[in-house]
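Since the structure comes first, as structure tokens, the remarks are kept for the end.
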Amino acid sequence: MARNIQSLERAAAMLRLLAGGERRLGLSDIASSLGLAKGTAHGILRTLQQEGFVEQDDASGRYQLGAELLRLGTTYLDVHELRARALVWTDDLARSSGESVHLGVLHQQGVLIVHHVFRPDDSRQVLEIGAMQPLHSTALGKVLSAYDPVAHSEAVESDRKPYTDRTICDLDSFEQLLDVTRARGYAADVEETWEGVASVAAPIHDRRRMPVGAVGITGAVERLCRDDDKGALRPELIAAVRDCARAVSRDLGAGRF
């Protein structure tokens with residue numbers, strides 16, 4: 001059995017201690033409660049403080065849980081609720097479109113796939129939950145970049161590498177694409193990330209009208225695009241994705257868009 005890392009165990013115990021009982025605790029209280037030397041406890045607290053997990057009151061010198069820990073907890077709850085609310089609607093979207101459906105959220109400098117519904121046929125498919133997609137080239141990523149200021153900053157500041165000869169990497173062109181995305185309410189990716197693959201995605205908002213994720217379908221170009229124009233997505237698929245995004249948004253309390 002692998003050995004636990006003692007410093008991490010102590011840090012976790014410290015966070016649990018700060019989460020219960022008194023709102024703020026002094027160094028002596030924390031050290032004595034956990035059976036640690038003051039120097040050891042102070043070193044762990046200093047590291048947690050640098051990472052934003054713990055804050056120290058300037059006046060009293062006491063410690064409390066930090067905003068970063070709250071942000072992480074809220075993110076987990078938001079993603080959990082997002083997946084729960086989207087289950088029925090994404091299943092319906094997969095059936096109506098005949099394509100695979102992905103639900104994505106911003107994570108670090110990319111799109112984290114938190115839910116994946118297989119294409120409803122007998123083809124062999126790989127579950128992509130937990131996979132990461134780029135922000136600048138995928139439909140999910142463009143939607144998040146267009147509606148979420150944090151995602152926008154991540155996409156602008158990142159290295160927008162070309163995946164195919166159709167990938168838009170130039171910053172001015174990328175910003176123009178985001179303007180178009182906001183104007184029409186969806187984003188497209190036609191062979192910008194993978195050769196022969198197209199996708200379309202729309203934003204999901206919560207009760208605060210804040211963007212919390214994106215939902216989209218992905219499939220072969222010949223199925224998603226019109227026969228008369230390889231670069232134009234089929235309008236009925238666009239409508240289905242947007243309807244799905246609105247339905248999930250309504251379930252999250254966003255009301256009508």
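FYI, side chains are in, hydrogens and waters are out, and symmetry mates aren't considered; it's all heavy atoms of this structure. Throughout, residue positions are numbered sequentially from 1 according to the sequence presented.
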For the [atom1] atom of [X] and the [atom2] atom of [Y], what is their distance to the nearest 0.5 Å?
X	Y	atom1	atom2	answer
L45	L27	CG	CG	6.5 Å
Q133	T218	CD	OG1	6.5 Å
W89	D243	CH2	CG	9.5 Å
Q56	R62	CD	CZ	11.5 Å
L103	L112	CG	CG	10.0 Å
R10	L8	CZ	CG	11.0 Å

Examine distances only and state if a side-chain atom of [X] and a backbone atom of [Y] form a donor-acceptor pair shorter than 3.5 Å.
X	Y	answer
H116	E128	yes
S153	P149	yes
S158	A155	yes
R209	A254	yes
R83	V114	yes
S249	H205	yes
S97	L237	no
R234	R223	yes
T164	E195	no
E191	R166	no

Verify whether one side chain among H136 and Q109 offers a donor that lies under 3.5 Å from an acceptor in the other.
->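 Side-chain D/A pair, H136 to Q109: absent.
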Say whether [X] and [Y] are linked into one hydrophobic cluster, either directly or through other cluster members, by side-chain heavy-atom distances under 4.5 angstrom.
X	Y	answer
V215	V79	yes
V117	I238	yes
L34	Y63	yes
L177	L140	no
V197	M132	no

Does the distance from a Lys or Arg side-chain N to an Asp or Glu carboxylate O, for K161 and D159, drop under 4.0 Å?
->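 Salt bridge between K161 and D159, a charged N being under 4.0 Å from a carboxylate O: no.
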Look at K142 together with E192 and state whether they make a salt bridge at an N to O cut-off of under 4.0 Å.
->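 Answer for the salt bridge query: yes.
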Quick one, [X] and [Y] - any side-chain contact, counting heavy atoms below 4.5 Å?
X	Y	result
V200	I217	yes
P235	R226	yes
V241	Y186	no
L178	Y147	no
L135	V111	yes
D29	L17	no
M14	I30	yes
V54	L15	yes

Do I44 and T47 pass the side-chain contact (heavy atoms from CB on, under 4.5 Å) test, and can you show the C-alpha distance, the side-chain angles, and the key distance before you say yes or no?
-> CA-CA 5 Å; I44 297 172; T47 300; 5.8 Å; no
What's the verdict on side-chain hydrogen bond (donor to acceptor under 3.5 Å, both in side chains) for E154 and H107, showing C-alpha distance, side-chain angles and the deciding distance?
-> CA-CA 10 Å; E154 296 284 5; H107 180 67; over 6 Å; no
Give me the atom names and distance for the closest heavy-atom approach of [X] to [Y].
X	Y	value
P203	G185	CD-O, 3.5 Å
P134	T193	CG-CG2, 4.2 Å
L82	G213	CD2-CA, 4.3 Å
L224	G219	CD1-CA, 3.7 Å
S96	A240	OG-CB, 4.5 Å
A139	S199	CB-OG, 3.4 Å

Begin from the C-alpha positions of T138 and W194 and carry the test side-chain contact (heavy atoms from CB on, under 4.5 Å) through to its verdict.
-> CA-CA 9 Å; T138 62; W194 302 282; 4.2 Å; yes
